[in-house]
Structure formats: structure tokens, C-alpha cells
Amino acid sequence: MGGKTMRFDTVVIGGGRAGQEAALTRARLGKKVCLVSAGLTLHVLEPGAEGHPYGLLKNLADEGVTVLRGDVVTGGNWDGMLLREVFTANGVDLQADEFVLATGRFFSRGLVADMNGIRESIFGADVDCPEDRSLWFDSDFFAPQPFESFGVKTDGNKRISIGGNFALNVYAAGKILGGKYNAGK
Amino acid sequence: MIKEYDVIIVGGGITGACTARDCALRGLKTLLIEREDLCDGASGRNHGLLHSGARYAVNDPEGARECIRENLILKKIASNCVEATGGLFISLPEDGLDWQAKFVTKCREAGIDARILDPEKVKREVPAVNQSIIGAVSVPDASVDPFRLTDANALDAVRHGADILKFCSVEDFVRESGRVVGVRVRNAGGTQEIRGREVVLAAGIWAARLAEKAGVHISMLPSKGSLLVFGHRVADIVINRCRKPSNADIIVPDDAVSVLGTTSDKVPFEDCDDMRVTAAEVEVLLKEGVQLVPSLAHTRIIRAYAGVRPLVSEGGDGRSASRGIVLLDHETRDGVPGLITITGGKLTTARLMAEMTADLVCSKLGVNAKCRTAQLPLTGSETAERKVSKVIDHKLGNKAQEGTLAAVGRHGSESLKMDFKGPGAELVCECEQVTRAEIAYSIKEFGVRNLQDLRRHTRIGMGTCQGSHCVRRAAEILAEELGCPDRAGEFLNDYLQERWKGMTPVLWGETLREAEFMRNRYGRKDYEI
């Protein structure tokens, strides 16, 4: 959208644990990866987690991942169901062959809820959740909460859908995937 | 405890507390009985609005006159409970200005200082207000803390010799040849009989059920009023809609937050002990609320709650049934001497209700004593005793003194009883600036047993963060001060369940984000403390 254009193999949207893991994995396969993180600092994994005492942050730099900090993706340019590029709030256009959506659930604003429903915040991807708001929660605070298993609808390859059509090159990762697997913590 | 009281008052809400104070000041041996904590019922579940009477000026001139008189009295005698915010009655284009003209005339007839303002000036001075207003009137509405007001009355009653029994429910009346001569009560220690020459029911909607036990029928109409708490003060003034009273047409600044209300719906008696706000009520509140203050549509809602108005039914719906004061002398009405019921009325007129009740009690007992509650300042409100400098530890920095100052604001001269030296100055709740000293004081003066009780007496956890940041610390400190450190986890869990009840009706937007955060932080019941 008239900004600076950069080209990568993969653009990962979201700098949380899922986004960092996705970026790192692809970088290690030799891909040219860009990670867009809303935070100015990346979330560091708790010490000891999966053998990364200081989190993945250091590894990202080592593996050559380009990290855009304090920036968010605001939308994209589609060719049918193929996402060509995304635009960021700081005015960068990021072109890539594939995109990973790892923006998390409500707290990190991957999903946004209002009185009338829940939507995915960047592409308006289809979300799997009941319409009736009274089914979003359990009245016992300590019981598993339904809203913690809400996420975007995906195909067998974890590709998101928009208006019932599956995207060809946008994959969901982390909490935004929803489902019982991701509920709770 | 005395063997026989002159008067036993059943119900520790604002009406019961005011009645206990009035009776004690007149020299009666007085007992106040409450089944839970003070302010557990409707007195703790309302708007926190000190009416100027303007809302009632057109339809209920007598109610309006009562309100403005009491409004002026409370501003004098309860200065630590009232914030004289002032109020606005705004007219939107669809309301027209006909109602405003009638409204102003009726206000002035009732003695309410109503002034027509230039809407352009109001838009500039209160930028949150709907910018399409075509008219605005200022009235002396105010914000009142009902918890503090009830506490202040109860403390003053005790100071003048009254006894208070909390967490103690009235099971039945003691009767002798038709006369009510006392009550049978139950608490953790078992049951006992307490004798009183007169028994006053000041139990709100619960008076109906109690009266049945004495064979007396009071036709009451439980009317549910739901309210929404918003995360900050959207305006520093009470904003009303200048039209026939309706749903969700008042927003009140209460301490750090704003409260929008109310709805008015008939509910069954069996629901009165566990009021939950429905999705439909939330929708009505928001739809109307944004007409007053459009930014409410995007403001974080921190919780929803509901109370029950004890209306005495004369048919019709909740808004047309009488909201006036109802004093029932069951000796003349039902042939049951020794029993009196005081109900109806409003938070604003509670002192007047107490005066009327105490007048009746005195005439029954043949006591000749005048009411003094309109002149004597309440405990904590005496300006002469407010030696703020006494309680402040000047060795502490300004930041550390904030909690002390907040306590002085909340409790006035009562803060002299708090020890802010050393650990007492430790700030526990940052939104409402509650210190360890205030917690220790509340345990001593109000018999606080858990975080819910503590909230009623200190406002702990009632601010913007609703306890998300401080509740764990608060649970630990309370348990420590109570001498039962092993119960901290239980306090924490109960607090979170209660908070959840208020959050779920409004679980979207920023509230849902907060919910996810809360679940991550506190969602495991086996939380280690």
C-alpha cells in the first residue's frame, strides 16, 4: 500500500510462543522468515521450557529471522484465496509465499469479541464459536471455560477459511487454532 | 447482651442501621440483627445515588420534597459518605423540551434548585455527554457510598449504646397472648430467644416472608434493578435523561468508576437471594446508556449486578407501584401488637424512614424523646475531630501517604483509630488505596470474616482492576490479620467466584480479555499460597 516492500519465504504474524516456534522451525529449514510482533519485547519462555533457558529470542536472531517489533499487520492483498502480501501499521508491505497467523486469542487480540459475536481481527477469518453469548462461559470460574477453546476454522492442513473458502497459503498456529487441545493454559 | 431490649430491629441495611441509630440516640435499649453482613442486600446493590428529588418532581411531588430535604441533611451529617457531584437532566432531540419546562416548574415547587443551562456550555464542560443535546438542567444530585453510610450509622448506634448481631438470622417471633415480645434467632452458636418490647422489620423485600411468621400479610412486589459498572468515571457529574423515568436513564460517578442503571422487572420471591443479570437486561442498559454518554459503547464494563427494590404492591408494574415510604403499625393494621414494618422508600430517604419508625416506637413505649439524627453528624463525619495530620506518618513519602489519605476520606475521624505506622501503611489495593491498617480496623470494628465482607467496608477490589492485581496479596494479608493463614486460598477462590458472577453477563470486548488474563493467573483452584 505504497509503503516499503520486503519479500520473504514466510511471514509469521504474532510474536508469542507459537509465532516464535513457527518462525524458528522454518528458519532452520533454510527459509527466509519475517516475524511481526506487536510487542516491543518478545515473550520469553519460562526458564527450562523445552531446553531454551532464555527463551527463543536469542535463537531467532541467530537463525537469521527478521523481526519487526512494535508493529501489527492490518490487512492483506488477496489473489482469490492466495494471500500475496500483508500491510503493517508502520507502513511495511510484506510479500511471501506463505503466512502463519499466530496472533493468539482474546488477550492478545487475535480474536475480538463484541456483544454480537467474535471475529478474527486481521482477515475476518471464520471463527468456530456459538452465537449465543451464554454459551461462551461456565458459571463456575474454575471450570474449563468454553471461550478458551474458541478459534478459527481450519482445514486438515490448518489453513484458515474466509467466508467458507479455505485460504491456499495462510496457516493458523497456537491458541488461535482453538479446540480442546488449546484450552486452558 | 441485655435480657430485654426496648426495640429489636431486624435487617442490617441502610434503613435498619439508620433506625438503630435513631432509637439509640433517643435512649432506647436497641438491638440490630442482620442475617449476613451489613449492606448485604439491596443497600449494597444500588446506584449509589443521593437523589435531589428531581427524578420524582413531576410524578411524585411528595417523594421529591422528601428527597431534597434528606439530600441537604446528608450532605451536612455524612460528609465522608457523600460526594456533591451535582446532576444534569439532559434533553435529546426526540425528547423535545416540553417535559423540561414542566420538570423545572415542578422541581422549583418541591424546593429543588433546578437551573436551565445553555446546552452548548454543557457540551464543552461535560464532553462525555451526548453532543446532540438540545437542553440541560442542573440539579443538586450527588454520589453517596451506601456501604459507608450504613457503617457510619451502625457505628454511631453502637457508640450510643446499641448492640449489633451480625450473621444471625431471625427464625421466628416470640409471642405471648398475640403480642410479639421478641425473636428467636439462629447463628453459628445455635438458637436463642431475645426479648424486645417492640420489634421492627427493616428487612427490605425479606420483610414479607418474616411478617408471615407473625400471621401478617404484606403485599410486596420484588422489583429487580440491574446496573452496569464501567471501568472509570466517564463524567464527574450525575447524568439523567429529562423525560418520564424509564430504564437505564441515570449514570452516577461512584469513586473511581461509573454506574449505569437501572432496569425494573418483577421477579419471584425465591430469586431474591441470588440475583443474576440477564443478557437481555444488559442489552437494554447499553442501548439506553449510550444515549446519555455515547462513549459507553466502547468503555470497558467491569461488572453487572442487581438488587431488589422492596416495593409495596398496589398492582401495576415496578415503576408505577408506590416507591414511597411505607410504615406499618401491625397493632392497628392487623391486631398484632409489638410488631412494626418499615419498607418502601429509597436510600436517599432512609434517615427519614428511621425517624418515622423511631417516632412510632417511642409513642408505643411512652418515651418522649425527639429525633436528633438530622442535626448530629455521623461517626466519621465530625469535621472538628478531623485532625488528618495526626494519622499521617510524615516520615513516609507522598506516595506512601496516599493510602492514609484515602482512609481519612473514607472514614473521617474514624481513621484516628487506625495505626498507619510501620506495616500499617502498606498499600494493599491500589485502585481504592486500601492499607493494611484499614484492614485491621475493619476486622476489629465490623467483624470482617472474608474478602467479601472486607470489600463492603473498605471498597477493596471495587476499583478499575476489580482485584485482578491485588486480590492474592489481599487474601494473604487478610488471612494473616485474622490469624488464620491457611484460609488465604479459600478467601481468594470465593472472591474470584463472586467476581465471575458479575463479569459473565458482560463477557465480551475488554472484559473478555481481562477474563482470559484472570483465568491464566488464578484459574487453578489448587492455587498454592
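Everything quoted here is computed from the prediction, not taken from an experiment. Below, each value reflects all heavy atoms present in this structure, side chains not excepted, and no hydrogens, waters or symmetry copies. Residue numbering restarts at 1 for every chain, and letters A, B, ... go by the order of the sequence lines.
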Peer 1: Need one label for A/Phe147: side chain, backbone, both or neither, based on atoms under 4.5 Å from any heavy atom in chain B.
Peer 2: side chain
Peer 1: Does the cation-pi check pass for B/Arg303 over B/Trp500, that is, NZ or CZ under 6.0 Å from the six-membered ring centre and within 45° of its axis?
Peer 2: no
Peer 1: Between B/Thr511 and B/Ile302, is there a donor-acceptor pair closer than 3.5 Å when you use the side chain of the first and the backbone of the second?
Peer 2: no
Peer 1: Looking at A/Gly117, A/Ala113, A/Ser139, which makes the most heavy-atom pairs under 4.5 Å with chain B?
Peer 2: A/Ala113
Peer 1: Among B/Glu514, B/Lys501, B/Met518, which residue has the highest count of heavy-atom pairs closer than 4.5 Å to chain A?
Peer 2: B/Met518
Peer 1: With the side chain counted from C-beta on, respond yes when B/Thr278 and B/Pro505 share a heavy-atom pair under 4.5 Å apart, and no when they do not.
Peer 2: no
Peer 1: Quick check, are the ring centers of B/Trp206 and B/Phe269 under 6.0 angstrom apart?
Peer 2: no
